[in-house]
Amino acid sequence: MRRIGIWIAVGGLLLSTAACGGDSGGGGTSTPAAPSLSVGFVAEPANLDFTSTEGAAIPQALLVNVYEGLVKLDQDGKIVPLLAEKWDVSSDRKTYTFTLRKDVKFSSGAAFTADDVVFSLDRVKTDWKLKIKSQLDVVDKVEKKDDSTAVVTLKRPSNGFLYSMATRLGAMFSRTGVADLANKPVGTGPYVLGSWRRGDSIQLNANPSYWGTKPPLSSITLKYFKDATAMNNALLTSGIDVISSVQAPESLQQFADPNRFQTVEGTTNGEVVLSMNNARPPFDDKKTRQAVRHAIDHKALLDTAWAGRGQLIGSMVSPTDPWYEDRTVDYPYDPAKAKELLGGKTLTVKMRIPNLPYAVASAQVVKSQLAQVGITADIEPLEFPARWLDVVFKQGDYDMSIINHVEPRDMGIFADKSYYFRYDNPEFGKLLASADEGTEQQQTDDLKKAAKLLSDDAAADWLFLFPNLIVAKKGVTGLPKNAIAESFDFTALAKQ
């Protein structure tokens, strides 16, 4: 999700390139420092602790860049080595032996060893506050074989375990570096926290003791904006170098000059979900939820709210996943059918949404379309992240909402009846469990069934899959085409 603050391009531009340190002996020439970049975002993190704070803003900034895991996802969604050079899986699929890279240090100077793997994974169970920590409930024990070898034993075979290890759940923490996670992250990554101007920006500086390929930039500033216009103007006036996610696709024409700008368009895992509170009237009634799905013209919504950018999906699966099926066919646009399902009732519902551009734009279209079938939706924008997370996500005090769920392979959130959807169907949970433990083919088959069950139950409505739409100055390289992990990976970013 995204961010806030107005940038005025005066004084020392964040893009300026300085000269570094003087002569080496007598009369040598100075060497220019590596360049820096500024990247525009919306939805600033409330703090820097993604072990206790929900939402995507923190891992978007810190995962892979500051914190690293044993494995990571590449641009194609493949699991590849990171802090682990390799791993071996036992024949019964329950024991994973990770061979760790040597000579890796945390930014504090502490060595990274198997002790930190044990500490980090045990800590998910004991200290993490997020609901997603249940993904690692399958872990029975984590053991140190030697400094460079960690062994994870599962309670049962799990297709999802290694994938979960590529998310924030697999981030490695120093045993001496968790005293103040909200303000002082300590990781092994190519960048370290430089400064945080709350309400404005976060600066990440290159880690001089990084174990891997040194980042080509001396620093990256994450600049937060309250609205799309301010962020667009910042790029037009050289206040920033990159818009991380275009918040007003209709504005792309401003950046059409190829001599100044470039546009990168790819896909994401971000399902823009129209949530309905399954636990209270009127959406505790399946027919009412189904009526909502028939009442929405998704193609028209995408064209109106997001300039046609993105993809229609129909359930909680991204097209990059092997078990994706087009579920938009389940609920074609049919206002007459919606009215029939409502049985002549008229309803008034509370639509509490985050004050983010895609949610505000989509809510206006949803409101208009629902009105055509007798549902009045009163829109109440809430400040994001704090207010929305408190009122909607934690308290469940809403009828409808709209949010972009960006975490990869996150269909399992519907299996938790205390999650803010308040969806409760034991059959869905059984399908997920069977998929996780079975063969790859069984996983695919069961997850297709699970996605269809969600759709049939109208557990929510899926407005569209959020596109990865980046605009940058000409000369910026290494931009990620696809955003299919939780982080915005800065490790390849460079400036020609």
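Note that these values count all heavy atoms, side chains included, but never hydrogens, waters or copies made by symmetry. Values in this document were obtained by computation on a predicted structure and should not be read as measured data.
- Of the N and O atoms on the side chains of Asn404 and Tyr358, not one donor lies less than 3.5 Å from an acceptor on the other residue.
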**OP:** Mind running salt bridge (Lys or Arg N to Asp or Glu O under 4.0 Å) on Arg289 and Asp285 for me, showing each step along the way?
**Re:** CA-CA 7 Å; Arg289 301 194 304 269; Asp285 183 345; over 6 Å; no

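- In this view, Tyr96 and Phe161 satisfy the ring-ring contact (aromatic ring centres under 6.0 Å, His included) rule, not counting sequence neighbours.
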Original post:
Can Thr95 and Leu154 be said to form a side chain to side chain contact (heavy atoms under 4.5 Å, CB included), step by step?
Top reply: CA-CA 6 Å; Thr95 302; Leu154 307 184; over 6 Å; no

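- Annotation for Ser201 and Lys223: closest pair CB-CD, 4.1 Å, computed over non-hydrogen atoms.
- Remark: Leu301 CG to Gln364 CD distance equals 11.0 Å, nearest 0.5 Å.
- Annotation: side chain of Leu341 is not in contact with side chain of Thr288 (no heavy-atom distance under 4.5 Å).
- Nearest heavy atoms, Phe464 versus Ser362: CE2-OG, 3.7 Å.
- There is a side-chain donor-acceptor pair under 3.5 Å between Ser251 and Asn232.
- Between Arg293 and Asp330 there is no salt bridge, since none of the side-chain N atoms of the basic residue sits less than 4.0 Å from a carboxylate O of the acidic one.
- Looking at residues two or more places apart in sequence or on another chain, you find no salt bridge (Lys or Arg N to Asp or Glu O under 4.0 Å) involving Asp446.
- Looking at Asn355, its side chain never comes within 3.5 Å of a backbone N or O of Ile353 through a donor-acceptor pair.
- Leu63 contributes atom CG, which lies 9.5 Å from atom CG of Leu73 (distance to the nearest 0.5 angstrom).
- Residues Val476 and Gln262 are in side-chain contact: their nearest non-hydrogen atoms beyond the backbone lie under 4.5 Å apart.
- Between the Lys125 side chain and the Val139 main chain, a donor and an acceptor come within less than 3.5 Å of each other.
- Counted by atom type alone, Gln60 and Ser487 present zero donor-acceptor pairs between their side chains at under 3.5 Å.
- No hydrogens or angles considered: a donor-acceptor pair under 3.5 Å links the side chains of Ser52 and Asp49.
- Between the side chain of Asp399 and the backbone N or O of Lys350 there is at least one donor-acceptor pair closer than 3.5 Å.
- Around NZ of Lys417, the count of heavy atoms belonging to other residues, nucleotides or ligands within 6.0 Å does not exceed 12.
- Below 30°, between 30° and 60°, or above 60°: for Trp306 and Phe466 the angle between ring planes is between 30° and 60°, a tilted geometry.
- Within a 6.0 Å radius of NZ in Lys449, no more than 12 heavy atoms belonging to other residues, nucleotides or ligands are found.
- Nearest heavy-atom pair across Ser318 and Leu465 is OG-CD1, 3.8 Å.
- Side-chain N or O atoms of Gln247 include one that pairs as donor or acceptor with a backbone N or O of Ser245 at under 3.5 Å.
- Shown here for Leu37 and Ala494, the closest heavy-atom pair between the two residues is CD1-O, 4.1 Å.
- Judged by distance alone, with hydrogens and angles left aside, the side-chain atoms of Ser315 form a donor-acceptor pair with the main-chain N or O of Ala451 at under 3.5 Å.
- With rounding to the nearest 0.5 Å, the separation of CD1 in Ile202 from CZ in Phe41 is 9.0 Å.
- No salt bridge links Lys131 with Glu54; every basic N to acidic carboxylate O contact stays at or beyond 4.0 Å.
- Using a 4.5 Å cut-off on side-chain heavy atoms (C-beta onward), Met411 and Leu447 make contact.
- Ion pair Lys452/Asp456 flagged as a salt bridge, since at least one NZ, NE, NH1 or NH2 atom sits closer than 4.0 Å to an Asp/Glu carboxylate oxygen.
- Aromatic ring pairs are classed by plane angle as parallel below 30°, tilted from 30° to 60° and perpendicular above 60°; the pair Trp462 and Phe414 is tilted.
- The aromatic rings of Tyr419 and His405 are tilted relative to each other, their planes meeting at an angle between 30° and 60°.
- In this structure, Lys133 contributes its side chain and Trp128 its backbone to a donor-acceptor pair below 3.5 Å.
- Remark: Arg168 is not positioned above the aromatic ring of Tyr67, lacking an NZ or CZ atom under 6.0 angstrom from the ring centre and at most 45 degrees off the axis.
- In this structure, CG on Asp461 lies 10.5 Å from NE2 on His294, to the nearest 0.5 angstrom.
- Panel note: side chain Glu383, backbone Trp388; no donor-acceptor pair is recorded below 3.5 Å.
- The distance from atom CE of Met351 to atom OG of Ser275, rounded to the nearest 0.5 Å, is 9.5 Å.
- Under 4.0 Å is where a charged nitrogen must lie from a carboxylate oxygen, and between Lys155 and Asp140 no such pair does.
- Looking at Arg352, its side chain does come within 3.5 Å of a backbone N or O of Asp397 through a donor-acceptor pair.
- Shown here for Ala171 and Ser120, the closest heavy-atom pair between the two residues is O-CB, 3.7 Å.
- The backbone N or O of Phe490 lies less than 3.5 Å from a partner atom in the side chain of Asn65, making a donor-acceptor pair.
- When side chains are defined from C-beta on, Glu486 counts as touching Pro408, because their heavy atoms get closer than 4.5 Å.
- Gln395 CD: more than 12 foreign heavy atoms inside a 6.0 Å radius.
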Subject >> Steps toward side-chain hydrogen bond (donor to acceptor under 3.5 Å, both in side chains) verdict (Thr97, Asp88) >> reply: CA-CA 5 Å; Thr97 302; Asp88 298 303; 5.9 Å; no

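- No donor-acceptor contact under 3.5 angstrom links the side chains of Asn278 and Asp424, judged on distance only.
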**OP:** Show the numbers, then the answer: is there a side chain to side chain contact (heavy atoms under 4.5 Å, CB included) between Thr376 and Leu347?
**Re:** CA-CA 6 Å; Thr376 300; Leu347 303 170; over 6 Å; no

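- Looking at Asp436 and Arg156, a side-chain N of the basic residue comes within less than 4.0 Å of a carboxylate O on the acidic one, giving a salt bridge.
- Rounded to the nearest 0.5 angstrom, Lys72 NZ and Thr167 OG1 are separated by 14.0 Å.
- Judged purely by atom type and a 3.5 angstrom limit, Asp241 uses its side chain to pair as donor or acceptor with the backbone of Ser38.
- Under a cut-off of 6.0 angstrom, the local environment of NZ in Lys141 is sparse, with at most 12 non-hydrogen atoms contributed by other residues, nucleotides or ligands.
- Classification of the Phe98-Trp87 ring pair by plane angle, with boundaries at 30° and 60°, yields tilted.
- The shortest non-hydrogen separation linking Thr439 to Asn159 is O-ND2, 3.9 Å.
- In this structure, Ile132 and Glu407 have side chains that are not in contact, with every pair of non-hydrogen atoms separated by 4.5 Å or more.
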Validation: residues 74-82 side-chain donor-acceptor distances under 3.5 Å, sequence neighbours left out:
{"unit_1": "Asp74", "atom_1": "OD1", "unit_2": "Asp76", "atom_2": "N", "d": "2.9"}
{"unit_1": "Asp74", "atom_1": "OD1", "unit_2": "Gly77", "atom_2": "N", "d": "3.1"}
{"unit_1": "Asp74", "atom_1": "OD1", "unit_2": "Lys78", "atom_2": "N", "d": "2.8"}
{"unit_1": "Gln75", "atom_1": "OE1", "unit_2": "Lys481", "atom_2": "N", "d": "3.0"}
{"unit_1": "Gln75", "atom_1": "OE1", "unit_2": "Asn482", "atom_2": "N", "d": "2.8"}
{"unit_1": "Gln75", "atom_1": "NE2", "unit_2": "Asn482", "atom_2": "O", "d": "2.8"}

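- You'll find the side chain of Lys473 stays beyond 4.5 Å of the side chain of Ile240, heavy atoms only.
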Original post:
Can Lys286 and Asp457 be said to form a side chain to side chain contact (heavy atoms under 4.5 Å, CB included), step by step?
Top reply: CA-CA 7 Å; Lys286 178 178 174 178; Asp457 276 354; 3.4 Å; yes

